[in-house]
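For reference, the structure is listed below as structure tokens.
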Amino acid sequence: MRDLWINNQRTSGSGEPQPVIDPATTEVVGQVAWGTEVDADRAVAAARAAFKEWRRVPAAERAGLLHEIARRMRASKETLAVELTMETGRSIRKNRGYVEWAAECFDYYAELGRHHRGRVIPSPEPGQLSLVLKAPLGVVAAILPWNYPLLLLAWKLAPALAAGNTVVVKPAEYTPWTTLGLQRIFDHLPAGVVNLVSGDGPVVGERLARHPDVRMIAFTGSVETGQHLMRLAADDLKRINLELGGKDPLIVCADADLEAAARAAVWGGFLNAGQVCTSIERAFVEAPAFEPLLERILDLTRHLTIGPGSDPESEVTPMIRPQEREKVIRHIEQALEAGAVAHTGGAIPAEPDRGYYYAPTVLTEVDDDMLLMREETFGPVLPIVPVDDFETALERANRGHYGLGATLFSRNARRVKRYMETIEAGNVWVNDPLIDNLAGPFGGMKRSGLGRELGEEGFEAFLETKHLHWEIEGGVKSWWYPWD
């Protein structure tokens with residue numbers, strides 16, 4: 001049993017304990033305490049009380065505490081990787097890397113927080129001083145997704161702490177195990193600075209979003225939930241950061257390196273069984289390259305190893321839950337009924353005979369009216385569409401409500417420039433998809449979200465800006481009443 005963590009104390013939740021399920025085996029592998037509104041209130045109260053002192057901790061001292069978080073994560077790398085694989089199903093090979101990446105995130109923001117604190121600006125008159133100051137917001141509610149629970153916790157928690165905020169973390173219902181286990185990573189921090197409360201989104205998540213003492217909501221998840229949180233945040237005009245869904249396009253031009261493009265398409269489409277917000281979910285290919293690229297993609301896809309994340313050789317791991325797999329099946333069935341062709345996959349595989357697997361699927365003969373091309377599928381599915389030219393591909397890539405990521409494969413510099421200026425996406429890749437940079441901002445346009453994570457922008461998201469005007473010399477101004 002893993003407990004909640006409130007005010008640096010383990011505590012059983014007010015709700016009924018909940019099972020943790022391994023998606024590779026469907027077996028219950030543990031239990032976690034479950035929070036309610038009562039626990040959310042206790043966590044916010046602890047965070048609010050801690051904020052009074054935490055905001056005054058010198059930046060260099062906070063940096064040392066964040067570096068210690070990174071050190072502890074690295075020391076627990078194998079344990080954390082195994083736990084992540086157990087509850088997410090994802091490859092242990094990838095999870096080892098994600099633990100390191102999360103640790104790097106804390107190191108990065110430790111140093112950014114050490115020196116990033118505003119600026120001096122020109123003053124209107126001699127004898128005056130004008131400053132732009134940066135101040136922490138207060139209590140932050142970090143609401144996590146189930147696909148990358150540790151990494152996306154780091155993206156929110158590291159900058160929030162470095163900026164001087166205190167945080168209540170709510171893990172996703174499917175993946176609370178690793179998050180609640182981070183008590184051992186955070187117990188050197190002052191009491192109340194980090195609090196971990198599992199629970200249902202409509203209960204704990206909603207209470208955090210409504211709580212008058214929460215000043216910011218940092219959320220990664222579905223568009224529908226993000227819209228709901230935004231409405232709740234409006235009552236108190238809370239700051240809100242939303243990283244939501246995507247329907248990321250891939251454009252492959254005839255001049256591209258087709259071997260690289262094929263491997264990238266398979267990688268970007270089927271990584272973590274397609275359960276990545278920046279998965280490639282639509283591919284538009286210039287007609288001369290379509291057949292050779294399709295042939296290579298099919299050959300690669302048919303040779304992928306399907307299996308549990310605990311097996312280092314597995315390349316396509318299970319989906320998180322049967323209801324998520326049902327959405328994928330629904331999208332594919334609707335497309336097939338409307339005339340699409342599945343060249344490989346399109347079914348639950350016979351092996352492994354346990355777990356929430358779905359065979360990686362490549363389809364053609366799709367059109368933009370299909371659910372598969374309009375809504376986020378979030379599974380191992382890659383629809384491929386031939387187009388007459390680059391401009392047509394660019395226009396179709398920009399259709400729809402999403403704008404999270406987009407990838408182009410081309411050797412033509414003019415096309416790259418046209419693409420980078422025109423594509424409606426917050427994360428823009430050329431010849432190398434799904435690459436993030438701790439120093440580069442991550443986020444979306446349109447219904448893919450608001451605000452940015454990572455980089456300086458991801459730090460600024462957790463700070464309030466003040467303008468200070470200081471009349472050092474003092475004295476009476478001629479324009480004050482009574483007028484002179």
**Asked** Does the salt bridge (Lys or Arg N to Asp or Glu O under 4.0 Å) test come out yes or no for R452 and E460, once each step is laid out?
**Response** CA-CA 9 Å; R452 293 295 181 267; E460 288 280 352; over 6 Å; no
**Prompt:** Taking D22 for the side chain and V29 for the main chain, is one N or O donor matched with an acceptor at less than 3.5 Å?
**Reply:** no
**Atom pair CZ/CG of R215 and D236 - distance to nearest 0.5 Å** = 6.0 Å
**Request:** May I ask you to say whether R2 pairs ionically with E83, meaning some side-chain N is under 4.0 Å from a carboxylate O?
**Result:** yes
**Item:** Residues D436, W429; criterion side chain to side chain contact (heavy atoms under 4.5 Å, CB included); working and verdict
**Value:** CA-CA 10 Å; D436 298 319; W429 297 294; 4.0 Å; yes
**Message:** Just verifying a value: how many Å separate L133 CG and L463 CG, rounded to the nearest 0.5 Å?
**Reply:** 11.0 Å
**Prompt:** How long is the gap from CG on L189 to CG on L161, to the nearest 0.5 Å?
**Reply:** 6.5 Å
**Request:** Any chance you could lay out the side-chain hydrogen bond (donor to acceptor under 3.5 Å, both in side chains) test for K94 and T317, step after step, and finish with the verdict?
**Result:** CA-CA 11 Å; K94 298 303 298 179; T317 48; over 6 Å; no
**Complete:** Scanning both residues in full, the closest heavy-atom pair of V193 with A50 reads N-CB, 3.9 Å
**Item:** Donor-acceptor contact below 3.5 Å, side chain E87 vs main chain T178
**Value:** yes
**Message:** Return the OG1 to CD1 distance between T175 and I320, rounded to the nearest 0.5 Å.
**Reply:** 6.0 Å
**Message:** Less than 4.5 Å apart, side chain to side chain, heavy atoms only: is that true for M73 and F106?
**Reply:** yes
**Request:** Kindly compute the distance separating CG (L404) from SG (C277), expressed to the nearest 0.5 Å.
**Result:** 5.0 Å
**Prompt:** Is the cationic atom of R239 (NZ for Lys, CZ for Arg) positioned less than 6.0 Å from the six-membered ring centroid of F462 and within 45 degrees of its normal?
**Reply:** no
**Asked** Counting only N and O atoms by type, is there a donor-acceptor contact under 3.5 Å from the side chain of K238 to the main-chain atoms of H211?
**Response** yes
**Listed partners of E375 passing salt bridge (charged side-chain N to carboxylate O under 4.0 Å, His left out), at least two apart** = none
**Asked** Parallel, tilted or perpendicular for F459 and H116, by the 30°/60° rule?
**Response** perpendicular
**Asked** Considering residues, nucleotides and ligands other than M445, do more than 12 of their heavy atoms fall under 6.0 Å from its CE?
**Response** yes
**Asked** Any Lys/Arg nitrogen of D367 or R374 sitting under 4.0 Å from an Asp/Glu carboxylate oxygen of the other?
**Response** no
**Item:** From CA spacing to verdict: side-chain hydrogen bond (donor to acceptor under 3.5 Å, both in side chains), T377, K327
**Value:** CA-CA 7 Å; T377 304; K327 177 184 176 182; over 6 Å; no
**Request:** Give a yes or no answer on whether the side chain of N437 reaches the backbone of A439 with a donor-acceptor pair at less than 3.5 Å.
**Result:** yes
**Validation row, ring centre Y148 to ring centre W155 under 6.0 Å** = no
**Message:** So V32 and P17, do their side chains get closer than 4.5 Å, heavy atoms only?
**Reply:** no
**Asked** Would you say the side-chain atoms of D39 pair up with the backbone N or O of V197, donor to acceptor, closer than 3.5 Å?
**Response** no
**Request:** Indicate yes or no: at least one non-hydrogen side-chain atom of Q275 is less than 4.5 angstrom from one of W146.
**Result:** yes
**Prompt:** Between the side chains of T79 and S76, does any donor sit under 3.5 Å from an acceptor?
**Reply:** no
**Message:** Please check this pair: side chain of N95 against backbone of V82, looking for a donor-acceptor N/O pair closer than 3.5 Å.
**Reply:** no
**Prompt:** How far apart are the C-alpha atoms of T361 and F270, what are their side-chain angles, what is the distance that settles it, and do they pass the side chain to side chain contact (heavy atoms under 4.5 Å, CB included) test?
**Reply:** CA-CA 9 Å; T361 302; F270 303 139; 5.8 Å; no
**Asked** Can you tell me if CZ on R74 sees more than 12 non-hydrogen neighbours from other groups inside 6.0 Å?
**Response** yes
**Prompt:** Is there a donor-acceptor pair under 3.5 Å between the side chain of N398 and the backbone N or O of E424?
**Reply:** yes
**Prompt:** Do the non-hydrogen side-chain atoms of V167 and V139 ever get within less than 4.5 Å of each other?
**Reply:** no
**Asked** Can R210 and E206 be counted as an ion pair, charged N to O under 4.0 angstrom?
**Response** yes
**Message:** Using a 3.5 Å distance criterion without hydrogens, assess whether the side chain of S198 forms a donor-acceptor pair with backbone atoms of A33.
**Reply:** yes
**Prompt:** Does E333 pair with R330 as a salt bridge, N-O distance under 4.0 Å?
**Reply:** no
**Message:** So that I can tick it off, tell me whether R72 and D187 are bridged by a salt bridge, with the cut-off set at under 4.0 angstrom between side-chain N and carboxylate O.
**Reply:** yes
**Request:** Run the salt-bridge test on E324 and R321 with the 4.0 Å N-O cut-off and return the result as yes or no.
**Result:** no
**Prompt:** Is it true that a side-chain atom of R302 and a backbone atom of G345 form a donor plus acceptor pair closer than 3.5 Å?
**Reply:** no
**Item:** E281 and K247 ion-paired at < 4.0 Å
**Value:** yes
**Item:** Test side chain to side chain contact (heavy atoms under 4.5 Å, CB included) applied to K52 and R56, step by step
**Value:** CA-CA 7 Å; K52 296 175 184 178; R56 295 184 175 87; 4.3 Å; yes
**Message:** Taking R96 first and then E100, would you say they form a salt bridge - that is, a charged N and a carboxylate O separated by under 4.0 Å?
**Reply:** no
**Item:** Q18 side chain vs E16 backbone, donor-acceptor pair below 3.5 Å
**Value:** yes
**Asked** About how many Å separate OH of Y98 and OG1 of T88, when rounded to the nearest 0.5 Å?
**Response** 9.5 Å
**Asked** Using 4.0 Å as the upper bound for N to carboxylate O, is an ion pair formed by E27 and R354?
**Response** yes
